[in-house]
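Data first, discussion second: the structure below is written as C-alpha cells.
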4 protein chains.
Amino acid sequence: MNPKIRVILKAAAKVMAQKGFEKATMDEIAKISKVAKGTLYYYFKSKEELFLKLTLSILEELEERTKKVLELKVSAVEKLRALIKVQVEFFLEFHEEVVLILGDFFGSTLPRESFRVKINDYYRLLNQLIEEGIKANEFRKVNLEIFVPAFFGMTSFATIRGILREKGFLKDQLIENLTEIILNGLKK
Amino acid sequence: MNPKIRVILKAAAKVMAQKGFEKATMDEIAKISKVAKGTLYYYFKSKEELFLKLTLSILEELEERTKKVLELKVSAVEKLRALIKVQVEFFLEFHEEVVLILGDFFGSTLPRESFRVKINDYYRLLNQLIEEGIKANEFRKVNLEIFVPAFFGMTSFATIRGILREKGFLKDQLIENLTEIILNGLKK
Amino acid sequence: MNPKIRVILKAAAKVMAQKGFEKATMDEIAKISKVAKGTLYYYFKSKEELFLKLTLSILEELEERTKKVLELKVSAVEKLRALIKVQVEFFLEFHEEVVLILGDFFGSTLPRESFRVKINDYYRLLNQLIEEGIKANEFRKVNLEIFVPAFFGMTSFATIRGILREKGFLKDQLIENLTEIILNGLKK
Amino acid sequence: MNPKIRVILKAAAKVMAQKGFEKATMDEIAKISKVAKGTLYYYFKSKEELFLKLTLSILEELEERTKKVLELKVSAVEKLRALIKVQVEFFLEFHEEVVLILGDFFGSTLPRESFRVKINDYYRLLNQLIEEGIKANEFRKVNLEIFVPAFFGMTSFATIRGILREKGFLKDQLIENLTEIILNGLKK
DNA sequence: TATGAATGAGGTTTCATTCAT
DNA sequence: TATGAATGAAACCTCATTCAT
C-alpha cells in the first residue's frame with residue numbers, strides 16, 4: 001500500500017476513533033498526517049470513503065487473525081476458546097477503532113454496502129467454526145443466524161464494558177469467563 | 001409530563017432514530033413537532049440535552065418493564081426467559097431508538113454522565129435477577145461484572161441483526177434460541 | 001415613580017452595566033427584577049426604551065448634583081473645583097452606568113434623540129458655569145463649544161482610567177490634579 | 001500584509017464603524033469585501049478576532065504618526081502643538097473607526113487584553129513627550145498618570161463633539177483652542 | 001395589571017469539497 | 001502528484017417581541 005495512504009489512514013483512525021466520524025474533521029486529519037487537505041481528496045474521494053477504507057482495513061486485520069485460529073489443528077472447543085482470546089485481545093488493541101466502527105454500524109441507517117459485506121464475511125468465518133464443532137459432535141445444534149451475532153455482541157459488549165470501567169481489568173479472567181459462559185451456559 | 005414536551009420527544013425520536021444524532025436537524029424536529037424552532041430551545045437548552053432526555057425516557061421504559069419481570073413469582077429460569085422476551089420485544093418495538101442509543105453509546109467518547117448512570121441502573125437490575133438465581137441454586141456462580149454486559153450485548157446484537165436481515169424474522173424462535181443458548185451453552 | 005418601574009430600572013442598570021446594551025437580555029433583567037418578562041413590555045415598549053429611560057434617570061442625577069454646585073455662593077474657580085469633585089465622585093459611584101452610557105454614546109450612530117437632548121442640557125450647565133467665570137474676570141475667554149466637551153472628556157477619561165488601573169486609586173489627588181491642570185495648564 | 005486581509009479589514013471598518021460591533025454582520029462584511037463568508041473565517045477565527053485586528057491596525061496608524069512627532073527637532077511646546085494636530089486630524093480622518101473603538105472600549109467589560117496593551121503603548125508615547133518637556137523646563141511637573149488620559153480624553157471628546165455637531169467645523173480653530181487650553185489653562 | 005409560553009427572523013460558525021496552480 | 005486558498009450550504013442557537021389568559 002502506498003505509504004502516504006497508510007499515513008493518512010493511521011491519522012484518520014486516530015482522529016475518528018477519538019471524536020467519532022462526524023466530529024472528526026478533514027482539517028485535523030490532514031494536519032496529523034502532515035499532508036495538505038487537498039491531498040486527502042487526491043487519495044480518497046470523500047470523507048465517507050476515507051472512513052470506509054479505514055473500517056475495512058481494521059476488519060481485515062480481525063479477519064486475518066481469525067483465519068489463523070481456524071487453521072489450528074485442535075478441537076472445536078479449543079478453537080472457540082482461542083477465538084474468544086483473539087477477539088478480546090483485538091478489542092483491547094483496537095479499542096477505539098472498534099468502538100468507532102460499532103458506533104457507525106448502529107448509528108448509520110444508510111447501508112454502507114461494502115462494510116456490510118465485510119462484516120458478513122466475518123460472520124461467515126464464525127459460522128464455519130461453529131459448524132465444524134457441530135459436525136465434530138462437540139457443539140449442540142444451534143441456529144447459527146442467531147448464535148453468531150449473539151456471540152459477537154457478547155464478547156464485544158463485555159470487553160468494552162470492561163475497558164470503560166477501567167479499574168483492574170483482567171484480560172485472562174475475562175477470556176476464561178466468557179468461554180465458560182458460552183460453552184456451558186448459565187444453568188447449573 | 002407536559003404534552004408539548006412529549007410531542008417534541010416523539011418527533012426527536014423519529015428523526016434521530018432515522019438519521020442519527022448528528023445528521024438529525026433541529027429544523028426537521030421542529031417541523032415534525034409542529035412547533036417553532038425556538039420552542040425546542042424553550043424546553044431543551046440544546047440539541048444535546050434533547051437527545052439526552054430522549055435517551056433517558058427510553059431507558060426508563062425498558063427499566064419499568066424489566067422491573068415487572070423481577071416481581072413475578074416464578075423461578076429464576078422462568079424470569080430469565082421472561083426477561084429475554086421483554087428485551088427482544090423492546091428492541092423490536094423501539095428498534096430505531098435503541099440503535100440510536102447504542103450508536104451514541106459507542107460513538108461518543110465524551111461521557112454523557114447521566115446516561116452512564118441510567119445504564120448502570122439497568123445493569124443493576126439484571127445483576128439482581130442473576131444473583132437471585134444463583135442463591136436459589138438454579139444458576140452457576142458466574143462473574144456478574146462480565147456476565148451482565150455479555151447478556152445484554154448478546155440479546156441486543158442478535159435482535160438487531162435479525163431486524164437488519166429482515167427476511168422472515170421469527171420473534172418466538174429468536175427468544176427460544178437465545179434462552180437456550182444462555183441457559184445451556186454451546187457444548188454438547 | 002411606580003416602584004415596580006424603579007425595580008426594573010435598577011435591574012436593567014445592573015445587567016446592562018455589566019454586559020453592555022446588546023449582550024444584556026430581557027430575560028435576565030426580568031429574572032433580576034423578579035417580574036415576568038411580559039411585565040417589562042407592559043412598562044416599556046422595547047428594550048431600547050428601557051435603556052433610554054435608564055440613561056435619562058442617570059443623567060438627571062448628574063444634572064441635579066451639578067445644579068447644586070452652580071447655586072453655591074463662591075467664586076467661579078471654587079465652583080469649578082467643586083464641579084470636578086462632583087464629576088469624579090459621580091463617575092466613581094455610577095462607574096458602570098457611566099461607562100455604559102458613554103459606550104452607547106460612541107457606539108450607536110442612530111441618534112437617540114431624547115438622549116442627545118439630555119446631554120446637551122448638561123453641556124449647557126457647564127457652559128453657564130464657565131461663562132460666569134469669564135464675566136467675573138476669573139477665566140480667560142475660551143471657545144465654549146470646544147472647552148466644554150474637552151472638559152467633560154478630560155474628567156471622564158482620567159477617572160475611568162484611574163478605575164481601570166485599580167491600584168491605589170486616590171480620589172482627592174485626582175481631583176486636585178485635574179483642577180490644577182484645567183486652571184493653570186501645562187506651561188510653566 | 002496579505003491583500004485579501006486588507007480588503008476584509010477595510011470592509012469590516014466600514015460596516016462596524018457605521019453600525020457598531022454588535023449590529024455589524026459577517027454577511028455584510030463578506031458582501032462588501034466581495035469574498036464568501038467562509039473566507040472571513042479562513043483568515044479570522046471569529047468576529048471578535050476580526051474586530052480586534054481591525055482595532056490594532058488603526059491604533060498602529062495613530063502610533064506611527066505620533067512617533068514622527070516625537071522625532072521632530074523642536075521644543076516640547078511645539079511638539080505638543082504638533083501632537084494635538086496629529087490627533088485631531090487622525091480623529092477626523094478615522095472618525096468612524098475611532099468612535100467604534102472608543103465605544104467598545106467603554107462598552108465592553110470583558111478585557112480585550114491585546115487592545116489594552118496597545119492603548120498602553122500609546123499612552124507611553126504621550127508620557128514620553130510630556131516628560132521631555134518637564135526636563136526641558138518648559139512644562140510644569142504634572143502627574144502623568146492623570147494628565148495623559150486627561151489629555152487624550154480632551155482631544156477626542158472635543159473633536160468628536162465637533163464632528164457630531166457638523167455645522168461649520170473649523171479644524172484649525174479647534175487645534176488652536178485645544179493647544180491654548182492645554183498649555184495655559186482656564187485661569188486668567 | 002401581569003404573566004410566560006411560544007415564536008421566527010436572523011446571527012455566528014463549521015467544514016466537506018473544489019480547483020487553479 | 002500535491003497543494004491550500006476559497007467557497008457556501010447548512011447547522012445550531014439567541015432573544016426581542018407578542019398575545020391569550
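Naming convention: chains lettered A, B, ... in sequence-line order (proteins, then strands); numbering from 1 in each chain. Values below: every heavy atom of this structure, side chains too, minus hydrogens, waters and symmetry copies. Because the structure is a prediction, the values reported are computed rather than measured.
The CD1 atom of B/I119 sits 10.5 Å away from atom OG1 of B/T55, with the distance rounded to the nearest 0.5 Å.
As a whole-Å value, the separation of B/K19 NZ from F/dA10 C1' is 13 Å. Between A/I5 atom CD1 and F/dT1 atom C1' the separation is 12 Å, expressed in whole Å. Spacing between atom CG of D/L40 and atom P of E/dT13 amounts to 11 Å, rounded to whole angstrom units. Rounded to an integer number of Å, the gap from CG of B/L50 to C1' of F/dA11 is 15 Å. Atom P of nucleotide E/dT13 and atom CZ of D/F44 are separated by 13 Å, given to the nearest angstrom. Spacing between atom CD1 of A/I8 and atom C1' of F/dT1 amounts to 12 Å, rounded to whole angstrom units.
Each of D/V35 and A/K34 lies near DNA chain F, and the nucleotide nearest A/K34 is the one positioned closer to the 5' end.
Between D/E28 and D/K19, at least one side-chain N (NZ, or NE/NH1/NH2) sits under 4.0 Å from a carboxylate O, which counts as a salt bridge. The existence of a salt bridge linking A/K23 and B/E22 is confirmed by a sub-4.0 Å separation between a basic side-chain nitrogen and an acidic carboxylate oxygen.
Looking at DNA chain F, the stems built from 3 or more consecutive Watson-Crick or G-U wobble pairs, each pair with its key distances under 3.5 Å, are E:2-21 with F:2-21.
In this structure, the side chain of A/K47 engages the main chain of A/F21 through a donor-acceptor pair within 3.5 Å. With D/K31 contributing its side chain and D/K37 its backbone, the two residues share no donor-acceptor pair below 3.5 Å. In this structure, the side chain of B/K34 does not engage the main chain of B/V7 through any donor-acceptor pair within 3.5 Å. With C/S33 contributing its side chain and C/I29 its backbone, the two residues share a donor-acceptor pair below 3.5 Å. Side-chain N or O atoms of A/K118 include none that pairs as donor or acceptor with a backbone N or O of A/S57 at under 3.5 Å.
For A/K53, the salt bridge (charged side-chain N to carboxylate O under 4.0 Å, His left out) partners at least two apart in sequence or on another chain are A/E49.
Across all strands shown, C/K4 has heavy atoms under 4.0 Å from sugar-phosphate atoms exclusively, and none from any base.
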Go along nucleotides 12-18 of chain F 5' to 3' and tag each nucleotide: B for a protein heavy atom under 4.0 Å from its base, S when only backbone or sugar atoms are that close, - otherwise.
BBBSBBB
